[in-house]
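Values below: every heavy atom of this structure, side chains too, minus hydrogens, waters and symmetry copies. Here is the naming used below: chain letters follow the sequence lines, and residue numbers restart at 1 for every chain.
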Amino acid sequence: MSDPLTGAHAGKAIRLENVSKLFGESRAVDDVSIEIPAGSFTVLLGPSGCGKSTTLRMIAGLEGTDEGRIFIGGDDVTGKPSSKRDISMVFQSYALFPHLSVAENIIFGLRVRKVDARERREKLARVADLLGLSELLERKPAQLSGGQQQRVALGRAIIGEKPVCLMDEPLSNLDAKLRHEMRVELRGLQQRLGFTMVYVTHDQVEAITMADQVVLLNAGRAEQAATPRDLYERPATPFAARFIGTPPMNLIPMSAIEPLQDMPTGLLLGVRPEALCLADDGGLSGTVRSVEYLGADTLADCEVSGSLFQVRLPGSRSVSTGEALRFTASTADLHVFDRLSGGRRDDLIPEIGSRLRPQ
Amino acid sequence: MSDPLTGAHAGKAIRLENVSKLFGESRAVDDVSIEIPAGSFTVLLGPSGCGKSTTLRMIAGLEGTDEGRIFIGGDDVTGKPSSKRDISMVFQSYALFPHLSVAENIIFGLRVRKVDARERREKLARVADLLGLSELLERKPAQLSGGQQQRVALGRAIIGEKPVCLMDEPLSNLDAKLRHEMRVELRGLQQRLGFTMVYVTHDQVEAITMADQVVLLNAGRAEQAATPRDLYERPATPFAARFIGTPPMNLIPMSAIEPLQDMPTGLLLGVRPEALCLADDGGLSGTVRSVEYLGADTLADCEVSGSLFQVRLPGSRSVSTGEALRFTASTADLHVFDRLSGGRRDDLIPEIGSRLRPQ
Amino acid sequence: MSWSGPTLDRVLNTAAAWTLALLWILPLAYAIWTAFHPAAYEARFVLTAPLTMDNFAKAWSAAPFARYFLNTFVLVSLILAGQFFLCTLAAYAFARFEFPGRSLLFSLVLLQLLVMPDILIVENYKTMRLLDLVDTIPAIALPYLASGFGIFLLRQTFMTIPKELDEAARIEGASFLGVLWRVYIPLAKPTYLAYGLVSVSHHWNNFLWPLIVTNSVDTRPVTVGLSIFSAIDSGVEWSVINAATLMTSGPLLIAFLLFQRQFVQSFMRAGIK
Amino acid sequence: VDLQFYFPVAVGGKAADTIQALTDEYVAANPDVKIDAVYAGSYQDTVAKAITASRGGNPPQLSVILSVDMFTLIDEDLIQPFDNYLTTDEDKAWVDGFYPAFMENSQTGGKTYGIPFQRSTPVLYWNKEAFKEAGLDPEVAPATWDEMVEFGKKLTKKDADGKVSQWGVRIPSSGFPYWLFQGLAIENSATLANAEGNKTNFDDPKVVEALQYLVDLSTKHEVMAPGIIEWGATPKAFFEGQTAMMWTSTGNLTNVRDNAPFDFGVAMLPSKETRGAPTGGGNFYLFKGASDEQNKAAVEFVQWITAPAQSAKWTIATGYVAPRAETWETETMKAYTADFAPALIARDQLAFAKAELSTYQNQRVTGIFNDALASVITGKKDAATALKEAQAQADGILSEYR
Amino acid sequence: MRVTFKRDWIHSWLLLLPAMVFLFAFTHIPAVTTFINSFYSTPRGRRPAKFIGLENYERLWDDPVFWKVMFNNLWFALGTIPLSIALSIAMALWVNDKLAGRSLVRMAYFTPTVLPLIAVANIWLFFYTPGFGLFDQVFGALFGWSSTNWLGDPATALNAVIVVTVWKEAGFFMIFYLAALQAIPVSLVEAARIEGASRWTIFWRITFPLLMPTTLFVSINAVINSFRLVDHIFILTDGGPDNASSLLLFYIYEVAFRFWETGYAATLTVALLLLLSALAIGQFFFFDRKVHYK
Ligand SMILES: Nc1ncnc2c1ncn2[C@@H]1O[C@H](COP(=O)(O)OP(=O)(O)OP(=O)(O)O)[C@@H](O)[C@H]1O
Ligand SMILES: Nc1ncnc2c1ncn2[C@@H]1O[C@H](COP(=O)(O)OP(=O)(O)OP(=O)(O)O)[C@@H](O)[C@H]1O
Ligand SMILES: [Mg+2]
Ligand SMILES: [Mg+2]
């Protein structure tokens, strides 16, 4: 096929080596090292203020680094200006040029690089086609809906066929339906074109559905880098355990659970609401404190000897506050963390699992 | 208890009688009649552009009505200006006064109504306490996070103890976590204080989790008004069926389903992805076309003789494209719609259920 | 724009900015030089030149400046208050209401940008005479109160204020004037500041109309006092003129120096989040 | 009686103070009269203010305005002759007591419209040190046009590049070039306008010759800077040694005495066919629209302020030429001139002085003349053509007044 | 809704009433009177004004000074407007950037706005004076130039006046540009940088187009000012030599307040107004295509 936009531009790997960024006294990014394989879709995930944008902007060269080095495709780009890094970027606010038409917005970079008119036209046609923008090329950004603006920003980023594309919460201004559509579209595009994607979001659903690799950041530090499934199934820290999954994982000090009170202190037991199943007898017994009906599911907060466990039940199972429930979980769904070191204690899981088994 | 903010101000009922609104030629709201019981939490739900905001703004008096009449607490308020309708409102953008401190924002209405300083102080203290804003009273809105701004807007709305509170997508600018927290908080507050809430959203999760009554709007007309559970379990129209529930209900023409091909034409079979269970044999058999991993769940699109069914599976069950699956659903989970009249055909369900039962 | 070290580009820009700044401040620098040195050093710039306050003394005694200052202050305040009041009301109407005659009236306002009151001196003098206001401070102020520029500027600002704020205030029970007072005016503060500065500096320096319409020391502004030193049969005495200039525009310069940070920052904060 | 009286100031702040002081003195002595002396800006501003106020129906009773604006004010029908209130023989004698040169601009059609008050005349100032340096007798000023050229050549200092550090003479020509030029014209026995103010003689060959001489000073003889020469900067140029001689108003006497860092002399303007100079400055005018009583009081005030004692104070404070011979006879004046002899030169020159150019629609006609002079001085036109065109335009304007 | 509409109308008319009273009393009625006067002869004491139809306009057509002044004014406008706007943009960009000593520089740019033009004109008079004036001293010392009679030579007089005007105006316009620059989102500039644009490209392709609404506003002001700012001419050149530096308003002032030909002055005023309106309207049309409004 003669379409140069399809798989023609191979991605480049990105490496951050002990990168830090200070704003005044505070370390917005603190000694972060990340490996981003060429052609991968990597998501930087974390709560607001954890340094995701700052990290991304350092990769883009919009922000200088205070410590450490950054490599793109093996070249040290630490001191290079953005315009020399051969990357593209989509901003949260899209940063479309309001005075330029959609077409002019998309080919802005080509114009800057003095690509000749014929080539510009051809590429524009292809990109517009790909993104379904062909009808809108003459409009101004203000005349577009949010999703269409999003696509224009995307078009501007991919037309240059840069090996690396950076995105900072590109979907956060869209409504839920559109967000879902764009997720699928973005992921498809990246796979088709093969560039390296670094994608910032604080929305774990986005991260989990799109990423090859998720880098979880917390307070300026990299907490865990893993595939979405690993992150969900084997979160490395209590923070990761609570951050990934809605509703979040139940994380209870063992000292608060009767059968486990003689375990070493400082341990946390983790179990996801959806991993808890109702049992007729055995397991833990609790009282329903509050109920949230979600249609497909119902969430029940159950109190078990002073601690609250959240349990996900099918929407059709109606429960009411005050009701007594018994529930259990399979050993494979248990997580144990050491509160002090912050790490997993997988060695303890069989022991704990057996203790919680209905006697 | 001497707290006048707790249950002191009873809500007022709201009635819309054949209300219409024209913008030029187009009917943004078209002959809508709604009953909103006093003290209820009523959600106006619908896709973008369906006329939710316009309806709400007519209730608020910010927009005139072209036809029909509006009653609040039995009084015809159709011609009255907003300032005379004794309501409060929270805007999507919060509409906090950027030049005023949090405290001044909250007591804005009291000042306008020349409530004396002592009373203002007392009420402010109580509201701030209630919403956890006591530490922030001196800040300017720009110095607050989205969630805090939200609370300030809420404070401004409730301090006046108005019998009616209107909200236009108040949570749409917040991130997922915060949205969840605020939902619980808002609902609690309304129940505690007892005012009538009219709440606009396009997010069905919000509607379902919070509402006593959901009014579903579509293209300027009221499609269905019901409790969330009714709406989920017995949607009145194909539109309601697809709009409520994520992922949306599978809605397939019967003619495309082999065992049902001899049913009357123009019928649609509806079944929710979460109502489909894997079966070892019998039921429908299909091939997995695509898979979306969501952590707790996995969504699989299965092709059954040309039609796509979406099936929700537990996250732990790994499926891959190309795999063959068999699934079934209980008769109680089936919905049948007449495409022409747009109504339910519950009479046909037993028949269809039996046909789909594994033979 | 934060990143990047001291590049050549940046050095050149800084140098150019400073050069221009020096050129721009030259007249003021010269005024200061001559005002504090004897007349003999008007055209000779030697560092050893003796300092003197004589020029100020001479300038001060040439006219009742104390009274003139007071008059100017009253005049400028009056104009500013009047302009703020009239322009605010008119701008509010143009920015937020639909009413018949709107575009016609607005073009009449814009017309005032073109028709300078300075050309209409004779007609306006007749009006003042008719109103029996000749030789009063209000007479100096009246022709300038309804300023097309002010109305235009405030209208633009009001139009940028989000409509929800207006609506929120109305829901809270504010009347249409209440909305103006509690929402629009506070949010347009930077514009008021900028416009105020421009207006004050313009009217502080206005000369011909005040001279013609006033007769007595009790009503005249400082510029009339200043004019004693210019247009002189006996040649320009720069040291005295400049001393007088510094004296008369001193308060403005100092006010700007004091407020410039606030002034510029409030401009920057004008964007509403 | 209430009187309002506008006055301009053209020689610095002291003038305003002096007028105010004199007025106060008069009011103190005549409690039934109240005089409101209004400072009205420059001459230009004063006439604008007076006319605006009159048209607005609020004229002053009395105003000091340029003597040359007499015809304009008559034309506007704003002023009345003093004669109505100068009926006694004594009064008539008083009018005759002013120097005739000043009265030329103050009377027309046999009526007296203006009473000379702040009057001046141009004189030549020279730098004695520069003369000495150039090998000239420092005590002798050039007496003729030729001498001025001759001296000027000696006084002009040029360096190798042709850069001039000191010019010989400086005759300013900005703003109102006609005034000093008129000195040259009079010296060449030319009259620029008739006494009725309705005919000019701009294209008189003698005028052309005078203008040619002025231009030659720069172009041919190179003793004066080329182009328009700024009036206001002239004294400073003199102090700075930029020029060894300058022509300027007697109004500068005090300034030069106070600020010249060298010994200087003051002389009459040099002669061609005759000595000569125009007069200049402002007269009192009596405005219409006042009551008889006010007019009488106004005339009495004018008589008082031009009386020797007051006039002497005024002259000493400002450097203006006292317009009556008797003033110069007072002890104060004698003491002053003994101390500062140059003050006498202006008075002596009055014998040769003529009326300043003044016609109907005066500002417009002189405007035309000024433009013509400027165009010749800047080399845009030759003298004869420019003056001829100016004359034609002036005729166009003045014909209706004949 | 009809009810509220009516209420809005009355509110707006009431709001506008005070301003309109003043506008009519001191601008529109006098302006109309002026217009009517332009068809009458100048009243002179003994001869009242009489209707003379278009005679004043014929005179204007034949008046060489009018055409000269008109030409001067065009040159003046061409000299001041682009230069002061360009300088003010440069100033705003500099002052908006992180520049060493930013507030001092900003202050320097702004001083001309605060100083009275009449007083400042005297200072410039000194700068321009041949021989001992500042420019001659500086240029003489630096380049060995011989003295130049800036104000006394018809070739340079108007340009000298232009320099003073640009000096006076640029700082004033800078303020508007500064405010406009603050309103441009930083991310736009960053996006352009990522696309590889140089500072120069960013300015011409992004910043400058986004400043267009401000440029429209400023340039209309500049056009009006180029016909209005004449105070300094009184002191610097008095319109000379031979009207070389006279501008339309200065000429109107001369005709009205020196020659006292009010009829003709009214005619000139009408001409000025027509010209200004034409320019202002023309500007709107010219810019309207290029201006991007938010
Ligand atoms: N220009 C700046 N000056 C000072 N501090 C800054 C600046 N930019 C960011 N910070 C701080 O650095 C930290 C990290 O900011 P960053 O924008 O990278 O967070 P983020 O993870 O992108 O958050 P969000 O999800 O809210 O966008 C925050 O504490 C923030 O306050
Ligand atoms: N001021 C207006 N002028 C013209 N049309 C309008 C105006 N306001 C709304 N509309 C139109 O009326 C219809 C209903 O708009 P409305 O804002 O009520 O929708 P909505 O349900 O609130 O949508 P959203 O979820 O996007 O806020 C839309 O088609 C919209 O384009
Ligand atoms: Mg961020
Ligand atoms: Mg809406």
Side-chain angles (χ1 to χ4, degrees), chain C residues 1 9 13-14 17-18 20-21 24-25 27-28 30-31 43 86-87 89-90 92-93 97-100 105 108-109 112-117 119-120 122-124 127 142-143 145-146 151 176 194 201 205 207 223 226-227 230 236 238 241 245 249 252-253 256-257 260-261 264 267-268 270-271, chain E residues 8-9 11-13 15-16 18-20 22-23 25-28 30-31 33-34 91 94 97 99-100 103-120 122-126 132 134 167 171 175 178-179 182-183 186 189 199 224 228 235 252 262 269 273 276-277 280:
Chain C
M1 299 296 277
D9 187 56
N13 268 299
T14 310
W18 271 98
L20 204 65
W24 246 242
I25 206 146
L28 181 66
Y30 177 68
L86 293 176
C87 298
L89 294 186
Y92 183 45
F97 291 98
E98 289 287 345
F99 54 91
L105 289 175
L108 284 180
V109 168
Q112 206 251 3
L113 281 175
L114 306 182
V115 186
M116 318 117 196
I119 327 177
L120 304 171
V122 174
E123 295 299 324
N124 282 340
T127 314
L142 286 180
L145 289 192
I151 295 175
F176 79 105
S201 70
N205 296 328
F207 169 66
T223 37
L226 191 60
S227 73
S230 32
V236 189
W238 280 284
I241 291 187
T245 303
S249 39
L252 274 189
L253 274 172
F256 182 69
L257 262 179
Q260 76 143 343
R261 165 155 280 154
V264 176
F267 246 118
M268 305 189 174
Chain E
D8 278 1
W9 295 1
H11 284 166
S12 2
W13 287 329
L15 287 170
L16 282 175
M20 283 300 160
F22 279 86
L23 280 176
F26 298 106
T27 303
H28 295 121
T33 318
T34 303
M91 288 171 167
W94 283 328
D97 212 350
L99 185 86
S103 57
L104 271 177
V105 172
R106 190 161 56 204
M107 156 78 193
Y109 292 160
F110 195 69
T111 41
T113 310
V114 182
L115 293 172
L117 202 48
I118 345 169
V120 153
N122 275 304
I123 297 176
W124 281 94
L125 185 66
F126 166 77
F132 61 93
L134 187 75
W167 172 82
I175 296 214
L178 197 54
Q182 298 288 331
V186 188
V189 175
R199 268 172 90 107
I224 293 170
R228 171 152 71 182
I235 288 166
I252 291 177
T262 41
T269 308
L273 283 182
L276 275 178
S277 323

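Ring orientation note: the planes of E:Trp13 and C:Phe99 are nearly perpendicular, at an angle over 60° on the 30°/60° scale.
In terms of heavy-atom pairs under 4.5 Å with chain E, the best-connected choice from C:Ser249, C:Pro100, C:Ala90, C:Pro143 is C:Pro100. The residue among C:Thr245, C:Leu20, C:Leu145 with the most heavy atom pairs within less than 4.5 Å of chain E is C:Leu20. When each of E:Thr111, E:Thr33, E:Val105 is checked for heavy-atom pairs under 4.5 Å with chain C, E:Val105 comes out on top.
For chain C, no part of E:Thr262 is nearby; none of its heavy atoms comes within less than 4.5 Å. Interface residue E:Thr113: backbone and side-chain heavy atoms are both found under 4.5 Å from chain C. Proximity to chain C (any heavy atom under 4.5 Å) is restricted, for E:Pro112, to the side chain, taken from C-beta onward. Residue E:Thr27 touches chain C through both its backbone and its side chain, counting heavy-atom pairs closer than 4.5 Å. For C:Ile151, the part lying under 4.5 angstrom from a heavy atom of chain E is the side chain only. Within the 4.5 angstrom heavy-atom criterion, atoms from both the backbone and the side chain of C:Thr14 approach chain E.
For the pair E:Phe22 and C:Ala146, the tightest heavy-atom approach, listed with the atom from each and the gap, is CB-CB, 3.6 Å. The minimum heavy-atom distance linking E:Tyr109 with C:Ala17 is given by the pair OH-O, 2.7 Å. Across E:Ala108 and C:Ala21, no two heavy atoms sit closer than the pair CB-O, 3.6 Å. Scanning all heavy atoms of the two residues, the minimum distance from E:Pro18 to C:Leu89 falls at CG-CD1, 4.2 Å.
Between E:Leu134 and C:Tyr30 there is no side-chain heavy-atom pair separated by less than 4.5 Å. Between E:Leu115 and C:Leu253, the closest side-chain pair of non-hydrogen atoms falls below 4.5 Å.
Distance check, rounded to the nearest 0.5 Å: CH2 of C:Trp238 to CG of E:Leu125 gives 5.5 Å. Atom CD1 of residue C:Ile25 and atom CZ of residue E:Phe110 lie 12.5 Å apart, to the nearest 0.5 angstrom. We find the CG-CZ distance between C:Leu142 and E:Phe26 to be 4.5 Å, quoted to the nearest 0.5 Å.
For the residue pair C:Asn13 / E:Trp94, a side-chain donor-acceptor distance below 3.5 Å is found, with atom types taken as modelled.
Applying side-chain contact (heavy atoms from CB on, under 4.5 Å) to E:Leu16 and the options C:Val109, C:Leu108, C:Leu105, C:Leu86 leaves one that passes, C:Leu105.
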